[in-house]
Amino acid sequence: MKSGLEDVVAAETVLSDVDGANGRLIVRGISLDELVATSRYENVLRLLCDGFLPLPDDLPAALGRARQAVFAHVASADPAIVALPPVDGLRALMARLPDGDGIDPALQLVAAPAVFTSALLRLRNGLAPVAPDAGLAHATDFLRMLSGTMPTAQQADALDRYLVTVADHGLNASTFAARVVASTQAGLASAVLAALSALKGPLHGGAPGPVLDMLDAVGQPAGAPAWLDDALSRGERLMGFGHRIYRVRDPRADALKGAVRLLATSGAIAPARLALAEAVEQAALDLLKRKKPDRPLETNVEFYTALLLEALGFPRDAFTCVFAAGRVGGWIAHAREQALNGRLIRPMSVYVGPVPRQAA
Ligand code: COA
């Protein structure tokens with residue numbers, strides 16, 4: 001029995017392959033580097049859903065219309081929902097979307113994290129939600145709905161790269177949750193809500209906020225080695241480093257580091273912030289190599305996610321919602337693959353409790 005199901009194969013998939021030994025992520029036959037360089041999120045959504053959900057030819061426009069349909073539910077965001085942590089507010093609003101296996105419910109689920117997250121963040125700041133513009137690309141509209149102004153091309157491109165980077169990643173905890181629910185033939189909204197609930201945990205989608213807390217605590221590049229050394233001596237983990245499967249560098253970290261550098265050249269990230277992050281990364285890698293020589297610990301996806309989402313204006317308590325905006329494409333594709341090709345997922349447990357007493 002392996003309580004974390006390590007090395008247990010629980011699904012066959014054509015969607016993505018996480019090659020931990022070689023630091024490679026393949027999404028439907030395309031390496032992540034190529035995908036990030038050439039595709040925008042809508043194309044990756046089509047790629048993921050190919051054969052599982054017949055998406056319309058005018059997918060960007062259809063997704064735009066789905067954002068508009070979803071926006072109608074923003075009116076039901078009462079003060080109690082607005083007061084929740086953003087990921088809980090998002091889950092409460094997404095629970096109002098129709099359940100089913102059709103294209104409309106699926107596109108509304110893809111649209112929802114962008115629409116609801118930006119509306120909830122504006123409402124808690126006393127601002128009116130901004131209605132979607134169906135003619136814009138998904139990432140561009142997400143940033144416009146958040147800030148109320150059109151993002152620069154570099155900002156929209158950076159968010160798009162992020163959404164593409166995190167769209168799918170093998171049988172991670174939230175995707176597994178989606179597949180378990182889909183295996184019962186429940187609808188896509190049920191599968192996506194289960195996945196979102198798994199994503200919010202700090203061991204899965206909740207790590208990038210603490211990366212920023214660490215940068216703030218370090219303060220200055222020169223202070224990084226001593227601060228990190230102290231943290232490791234106290235037995236703490238360095239946020240944004242290490243991974244269950246990757247034994248070499250997480251390829252998503254490189255994809256996002258590239259996006260962060262592009263943002264920095266356009267002035268969207270202060271040079272001092274980038275310099276601090278690079279100093280912390282270098283010091284952390286040096287220390288981890290020295291202090292944990294038996295365990296390869298490299299930069300993971302969350303480290304540069306934190307810088308990127310901060311530069312795009314997302315507050316750190318909403319980072320998980322933005323993660324969901326990308327990963328929802330993977331959840332839906334996996335849920336459909338499971339429902340169409342899989343069986344009811346029903347593992348066994350070993351009973352270790354007391355047994356009934358024998359009758360005298
Ligand atoms: N900083 C310091 N030490 C770390 C570490 C980190 N980020 N990640 C792992 N280690 C060490 C552990 O302390 C342990 O050392 P020990 O054998 O001396 O006790 C060893 O590496 C193995 O740890 P384990 O928990 O078995 O590794 P895992 O593969 O199950 O953990 C993570 C994977 C991601 C949970 C872990 O690397 C971590 O907590 N990272 C920080 C949080 C983070 O960035 N999460 C986002 C992941 S995408």
Side-chain angles (χ1 to χ4, degrees), residues 1-8 16-25 32 87 162-177 195-196 198-218 224-257 259-260 277 279-310 316-317 319-324 326-327 330-331:
M1 200 268 303
K2 290 187 171 180
S3 61
L5 301 186
E6 301 94 318
D7 305 324
V8 173
S16 63
D17 181 36
V18 182
D19 178 353
N22 295 305
R24 216 157 55 127
L25 170 60
L32 179 69
V87 68
Y162 172 74
L163 298 178
V164 168
T165 300
V166 302
D168 198 36
H169 200 237
L171 202 56
N172 57 86
S174 58
T175 300
F176 184 49
L196 180 63
L199 187 74
K200 78 169 257 195
L203 294 187
H204 187 4
V211 169
L212 292 185
D213 298 339
M214 178 175 71
L215 293 186
D216 291 347
V218 171
W227 191 96
L228 297 170
D229 201 356
D230 283 353
L232 284 175
S233 304
R234 289 192 301 271
E236 290 174 15
R237 292 189 172 207
L238 305 183
M239 289 296 126
F241 298 90
H243 195 270
R244 172 64 68 80
I245 296 183
Y246 291 119
R247 287 293 162 255
V248 291
R249 202 173 162 80
D250 181 339
R252 300 168 301 168
D254 284 333
L256 295 183
K257 188 170 187 174
V260 162
V280 167
E281 183 186 20
Q282 198 49 57
L285 292 175
D286 291 346
L287 277 165
L288 289 169
K289 208 165 272 161
R290 195 147 49 78
K291 295 205 159 193
K292 304 266 177 190
D294 303 331
R295 174 82 173 178
L297 291 169
E298 298 282 345
T299 315
N300 67 41
V301 65
E302 307 293 17
F303 191 80
Y304 283 101
T305 290
L307 277 189
L308 186 116
L309 297 186
E310 178 185 54
R316 48 191 90 173
D317 66 350
F319 286 179
T320 311
C321 303
V322 193
F323 191 164
R327 185 57 58 85
W331 291 336

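What you see is a predicted model, and the numbers here were worked out from it, not measured in a lab. Atoms considered below: every heavy atom in the structure, side chains included; atoms not considered: hydrogens, waters and symmetry mates. Whatever order the structure lists them in is the order used to number ligands and atoms, beginning at 1.
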*Is the H169 to F323 ring centre distance short of 6.0 Å?*
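No, ring centres 6.0 Å or more apart.
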
When you measure from [atom] to each heavy atom in [options], which option holds the nearest one?
{"atom": "atom 18 (O) of ligand 1", "options": "K292, M214, R244", "result": "K292"}
{"atom": "atom 29 (O) of ligand 1", "options": "R295, R237, M239", "result": "R295"}
{"atom": "atom 1 (N) of ligand 1", "options": "N172, T305, L238", "result": "L238"}

Can you tell if the side chain of [X] reaches within under 4.5 Å of the side chain of [Y], non-hydrogen atoms only?
{"X": "L196", "Y": "R327", "value": "no"}
{"X": "M214", "Y": "W227", "value": "yes"}
{"X": "V18", "Y": "Y246", "value": "yes"}
{"X": "E302", "Y": "F319", "value": "no"}

*Heavy atom under 4.0 Å from ligand 1: found in L297's side chain, backbone, both, or neither?*
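Under 4.0 Å from ligand 1, L297 contributes side-chain atoms alone.
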
Hey, which atoms in ligand 1 end up nearer than 4.0 Å to a heavy atom of [X]?
{"X": "G240", "answer": "43 (C), 44 (O)"}
{"X": "L232", "answer": "2 (C)"}
{"X": "E302", "answer": "46 (C), 48 (S)"}
{"X": "L288", "answer": "1 (N), 2 (C)"}

*Would you mind checking if K291 and D229 are paired as a salt bridge, meaning a charged N to carboxylate O distance below 4.0 Å?*
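Looking at K291 together with D229, the answer is yes, because their closest N to O distance falls below 4.0 Å.
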
*Are any of the N/O atoms in E236 less than 3.5 Å from those in ligand 1?*
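Among all N and O atoms of E236, none is under 3.5 Å from an N or O of ligand 1.
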
*Under 3.5 Å, N or O to N or O, is F241 touching ligand 1 that way?*
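Between F241 and ligand 1 (N or O atoms, distance only) the closest approach is under 3.5 Å.
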
*What do you reckon, is CZ of R249 surrounded by more than 12 foreign heavy atoms closer than 6.0 Å?*
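Check passes, neighbour count above 12.
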
